[in-house]
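Proteins come first, then strands; the chains are lettered A, B, ... in the order of their sequence lines, and each starts at number 1.
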Amino acid sequence: MAGGRRKGIHFSRLYSFSCLKYKLGLEHSQIGEKGYSRVVYCNEPDKPEQLQLRYRSNYVSTTKYTALNFLPKALFEQFRRVANIYFLVVACVSFSPLAPYSATSILAPLVVVIGATMAKEALEDWRRRRQDIEANNRKVKVYDKSNTFKDTRCKNLRVGDLVKVYKDEYFPADLLLISSSYEDGICYVETTNLDGETNLKVKHAVDVTSSLHDDNDYKKFKAIIKCEDPNEDLYSFIGTIWYDGLQYPLSLQQILLRDSKLRNTEYVYGVVVFTGHDTKVLQNATDPPSKRSKIERKMDKIVYILFSLLISVSFMGSFFFGIATKDDIHDGKVQRWYLQPEHTTIFYDPKRAALAAFFHFLTALMLYGYLIPISLYVSIEMVKVLQGIFINQDQDMYYEETDNPAHARTSNLNEELGQVDTILSDKTGTLTCNSMDFVKCSIAGTAYGHGVTDVERALAQRNADVQHNIANLSSNIQMSTDDITDLGKSKKGFNFKDDRIMNGGWVNEPHADLIQKFFRVLALCHTAIPEVDEETGEIDYEAESPDEAAFVIAAKELGFEFFERSQTSISLHELDYGKGRKTDRSYELLHVLEFSSARKRMSVIVKNAENQLLLLSKGADSAMFERLSRKAKDFEAKTKEHIRRYAEAGLRTLVVACRELSEDEFRSWEEEFLNAKASVNADRGALMDAATDKIEKDLILLGATAVEDKLQKGVPECINKLANAGIKIWVITGDKMETAINIGYACGLLRENMEQIVITLDSPDIIELEKQGDKDDIMKASSESITNQIRKGRSQLCSSEGSSISFGLIIDGKSLSFVLGTDQEGAFLDLAVCCASVICCRSTPKQKALVTRLVKKGCGKTTLAIGDGANDVGMLQEADIGVGISGVEGMQAAMSSDFTVAQFRFLERLLLVHGHWCYRRISMMNIAFGFTLFWFEARAAFSGQPAYNDWYMSFYNVFFTSLPVIALGVFDQDVSARLCLKHPQLYEEGVHDILFSWPRILGWMLNGIISSMIIFFFTTNSIVHQAFRRDGSVVDFEVLGVLMYTCVVWTVNCQMALSINYFTWIQHFFIWGSIAFWYIFLVIYGSFSPVISTTAFQVLAEACAPSPFYWLATLVVVVSTLLPYILYRTLQVEFDPMIHDKIQRSRLEGSGVESSGDLSIQHSRTIGSVKDKSRYQDTLLVKQ
Amino acid sequence: MSSGDGASQSSSKKSKKPRYSRFTQQELPACKPILTPGLVISTFIFIGITFIPIGLSSLSASEAVVEIVDRYDVDCISANANDQEAAHMQRVGYIQDARTNKTCTRNLIVPKKMKKPIFVYYQLDDFYQNHRRYVKSRSDEQYKSPESEQKTKTCEPEAFSDDRKPIVPCGLIAWSLFNDTYAISRNGNSIPINKKDIAWNSDKTHKFGSNVYPKNFQTRGLIGGAKLNESIPLSEQEDLLVWMRTAALPSFRKLYGRIETDLEANEKITVVIENNYNTYSFDGKKKLVISTTTWIGGKNDFLGKIYIIVGGICLLLALAFILVYLFKPRPLGDPAYLSWNKDPASY
């Protein structure tokens, strides 16, 4: 215990704001009433009273099914699909004499299809279960009767258990913090999984329990917690703890929420308060919305069309059947005597012809039921799963550094990837790395640091040569970025190069004393904790935010190495510029006035070895400049100028200042401050602010820091590509406007020649109004101002219509809140869609989701959201496709996304390559299915008797045609990955949904009808009644069925072969294999006893195969059904080619294209192009 | 690609890096057929030059078939009533009357020399052997083995005789067996019609049992078609076997027998028909067909014509495309016109 213990650090004294004491307030009086009835007997989970309460166990289940309810529930899910219901009804009716087919032949495919889908469901649920099992079986140290902490499984945790959680572990349930490794019972918690905030939060145990530091202290630990019932509010907790006969209030400060992580603290003790599904995080969990792709929805419509077709065909059939049946007995005379109409059942009764016709209608519904593609859904699902596997397997989307490949978490949306119209992107962690590099600083009016930022580089490049080939440019950038990262790798967070002050050089600078102070501030004014690696002596820092870490590292690199923090002191290895050697200096830490978003600054008060009292501050320029001393204005102007330049370069700036305090001033202030801190009034916060204001004034400016928020690798290139593909990109970020605009420039979203439309409420008059504080006035003025700004934007757009100027729209969060959910929405959207890029800054997670919904609903186009943090979850779930960045921060975003990639730049490949392919494949396949079913219309000529053997029909979708379709769906590619990336324009086919548009679908259906007519009339006419073999045998029912069916199988598969752009052995295998399988099937099935094979008995071997007529008829019918399609495609390729046709063509014609212009592709694929060349030669060979 | 080599992979054992294979990276060797003008034109020409000869040869094969078709149902029962309705009633009455003599003699002229074997068919028009009720009314099990005699469930309404004994063979199809007979003679000498081996071999050996004998057949009041000799097993009742192979279309021919001698051109043959089968009730037609065959089968020009037409269309299309390319090479779809290919250096 004692080893890792940081004895003697009392942060509670330093944390002025976070560690406030709470008194029993009004809200605590509600305890014990309705909604506040939970009682927890700490450390006594076995106490009868506790057991009686029957709180839920800590077992967490996120599965859809259990072993018991799987069958009924999964079946129910299956039969929610219209097509499946239809088939169920058909299967039931098939047991009645109405059925044209045998019942088993109808049931078998249904069982196969439903079984396959259910198996998939079960598999997915099993995966979820495995995750659950992993989570539920995590080891937790629980205090047991033997008075030691023993490992227990997470799921066995009970309310009242005392647990010990170590550093970097997740909390297994909602815990009440009892004490921590720190003397005063504070601990640091990372809540990224809950709210997406990356800074650490401080939690503070109740004072009375915080002294229980040792395992042995808990032998007699007993307490009773009374608190609120489980609820989903993450930001409040009300309760009391009875300890030693006294009652103490509890607040959110003492609660450690499940799925947040213990940081910077060796260990904590806690009591389980909420378990399992009662925990706040699980109360918050909503079932992920089930997303269906557009094509799937369209498919439903196709099924409906087929349904109505089916019904009308059946109706026509039964109408004529009714007439024929009625005529069977004419004036009491039997007509078709061989049918014995006078001895008939209801189904053929001429006297009740109408009724017979109705029953025939039911029969016909079944008969033509093969119009409805039963295996359609299951094949599509199989195809999608396989496509998903290909996405997972793509090496070009693997990120070495975090060891993360791309992952398709749901396979439903693969083809939707090819239709994305708008991308909504988070900034931090998605476009940028969320790693801060200290690159520049300005000290005493002198700018230091030669490092060139991505933004500057991009700007310089753009200015230098706007017309220059983008490909070369980006590759240059790429190269130089690589240089930088190589150099910077040794010191993470530090990318500062300036010989003037590095390696002790600052000693010779004119303002050496100020430089010393400047870096001292950086080394002292923070809350980071040093972690010394015992072996190497290297020091790592654990800081609340990456900015802070960057400062401490910078100070260390420049000779102010922070190496130890104790309860009241901070120790530095410092370069003494008088003596020129390193000495250790220790500073007594008196107060920490922490950073908060309202204060926008942070200060520490320290006493140095010379007994000087120093106030060291750093903060945002807006907060700091007004607190500077009026006397020391020497280089304020220069510093401001530097800050402006840094901001332009996309850097985050902070102003650094300090001041010396006199002993008296400090004493009197401290008294006032401590009074304010201890006060219990409602205006305590205001009192404290006033107190801190008093001390944080008359500061002396030292300089400013500039930290680079590094862009992720390849982001600008990727955005450029996506923009070329006609995809609109919106950035939605929580950052302030300047940063967001900087990043916009950096990644090429905004360009110099773009006009910016800025919608903001930061205008002077609004600010004036805000100061006055009348809410209604502010509302009114704000909304008016926004209306005006939107109108102005529109007129700006209109005036430039026809010219090539593009616009960038920038809107801040405050304005967004006046736009979203009001009647301004429409106007805003109109404006936004006309702009090439849109940046929303200062937006909350909720606004992110709302903007996403606005785009999705407003445009009706496919949206893709990409983000990494838990604050993006709403956005990811709202968008049609959610893409999570995996591997960097918590997994929350990844868990709620549909796809995960390791880096933003992989989006390019995901969309342009996989998206494009998947889209093509799925559409082709649907169409192939759609039309194949029309062949069966041929049977309309019959009186309710199917032309084919039952089992031919059953196997039709399942074997003869679906395998090649699946092969087509999984493996086809119209153009190679390289060309997809090279010609982003190709993507527009998907955005405009060209391949799956209604005219095309109907065209395919027409093609299907024509083909079926050709097959039916050609076969029947060529074989009217003459002999079809030399031995004089005539064609009977069975032979004609086989002949027609052979033509169908050939035609369907050949049509598919024609649609395939990419023949590997797999396609060959499946297409020709399916045709071969038909013959093999006929031979095998035909050799069974005639009782089983009925009409198929020996039909191929004996009747058809020896007849040349059979083969000749097949050939001519197949060729003539294919002719219209070939002709159509030829004419289209020649006279109205689609983009992929053109690219295929150019690939074929100029092999020179292969090797040129590869620079634009990140992974330069020389091997790829060689391969493509050889492929091209192969193609030629095949043709000759 | 550059990241695809195995060196980096082996270093970290548990790497989640996807393994490289041409399959998973979707880089399998493939041919990518594109509809280029050359390919299209050569395909069309190829189809044209193969189809037209096939068409011509099957057409000539079809032409070589000599076929005599004689519709006899109307002429064999002369109706003297004036209006059609009355004539119809008269004929139906006549055919249903068991006592009338239904013998009918037809004289036919052989148009061309017919080489043996010559096939004799009967052809029925507007007879729906493909009606569902009709097609289903059979029991393959019963026909196959005597043990399954009782399996007549599917045979309704011809399942049991009036005294509740199972009918063998049961079902409407068997019940309505065609029962006209033909006797052919030339110059007074009868020409034997060989009725052996007119059914499918598999029917005789597998589908119909050699130990299943007709029972209780045509014993009900309602008599459909022919009666069967109860001492001959089903597998040898070839007329029945032929009839039981139901036709696909309402107009069909069935093999009646074979003539094993040549018939000379312009020879006069006489056919004596027992005109028993009732096609009059439903206004069907009955025809006698005497035909030779060639490799393509019987007489039907359709297939040959289709081959020639399709081949011709292909040649025409090929010609049209060639003309288009001669006069207007590479219209519109030229990739050089693509906006992103304007840079001439890339060619």
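- Of the possible polar contacts, one joining the B/Q129 side chain to the B/A247 backbone as a donor-acceptor pair under 3.5 Å is found.
- Proximity to chain B involves both the backbone and the side chain of A/V1116, based on heavy atoms less than 4.5 angstrom apart.
- Ring-plane geometry between A/H360 and A/F321 is classed as parallel, the angle between the planes falling under 30 degrees on a 0 to 90 degree scale with a further cut at 60.
- The contact between A/L1115 and chain B is made by backbone and side chain atoms together, counting heavy-atom distances below 4.5 Å.
- If you measure heavy-atom distances from B/N201 to chain A, the contacts under 4.5 Å come from both the backbone and the side chain.
- Looking at B/I47, the atoms closer than 4.5 Å to chain A (heavy atoms on both sides) all sit in the side chain, from C-beta outward.
- For B/D125, the side chain to side chain contact (heavy atoms under 4.5 Å, CB included) partners two or more places apart in sequence, or in a different chain, are B/Q123, B/S251, B/K285, B/K287.
- Only the backbone of B/D126 comes within less than 4.5 Å of a heavy atom in chain A; its side chain stays farther off.
- Top candidate by heavy-atom pairs under 4.5 Å with chain A, chosen from B/G284, B/S139, B/P157, is B/P157.
- Note on A/V1117, A/I1126, A/V1039, A/V1119: by heavy-atom pairs under 4.5 Å with chain B, the leading option is A/V1119.
- For chain A, the nearby part of B/F252 is the backbone; its heavy atoms alone come within less than 4.5 Å.
- Ring planes of B/W243 and B/F178: parallel class, angle under 30° (limits at 30 and 60°).
- Contact annotation for B/F321: only side-chain heavy atoms (C-beta onward) come within less than 4.5 Å of a heavy atom of chain A.
- For B/F208, no part lies near chain A; criterion is any non-hydrogen pair under 4.5 Å.
- Residue contact with chain A, scored on non-hydrogen atoms closer than 4.5 Å, involves the side chain of B/F44 exclusively.
- Using a 4.5 Å cut-off between heavy atoms, B/F119 touches chain A through its side chain atoms alone.
- Across B/F127, B/F51, B/Y121, the residue that shares the most heavy-atom pairs under 4.5 angstrom with chain A is B/F127.
- In terms of non-hydrogen atom pairs under 4.5 Å with chain A, the most contact-rich of B/T246, B/L255, B/I54 is B/T246.
- No other option in A/L1112, A/V1034, A/L1123 has as many heavy-atom pairs under 4.5 Å with chain B as A/L1112.
- Interface residue B/W200: backbone and side-chain heavy atoms are both found under 4.5 Å from chain A.
- Checked against side chain to side chain contact (heavy atoms under 4.5 Å, CB included), B/S145 has the following partners two or more places apart in sequence or in another chain: B/E147, B/S148.
- If you measure heavy-atom distances from A/Y1110 to chain B, you find no contacts under 4.5 Å at all.
- When each of B/K136, B/R138, B/K144 is checked for a salt bridge (Lys or Arg N to Asp or Glu O under 4.0 Å) with B/D140, only B/R138 meets the rule.
- Of the atoms belonging to B/L317, it is side-chain heavy atoms, and not backbone ones, that fall under 4.5 Å from chain A.
- Considering all non-hydrogen atoms of both residues, B/G304 and B/S58 come closest at CA-OG, 3.4 Å.
- Scanning both residues, A/S1120 and B/V310, for their nearest heavy atoms gives CB-CG2, 3.9 Å.
- Counting only N and O atoms by type, the side chains of B/N300 and B/S62 include no donor and acceptor under 3.5 Å apart.
- Under 4.0 Å is where a charged nitrogen must lie from a carboxylate oxygen, and between B/K207 and B/E141 no such pair does.
- Across A/Q1026 and B/K299, no two heavy atoms sit closer than the pair CB-O, 3.6 Å.
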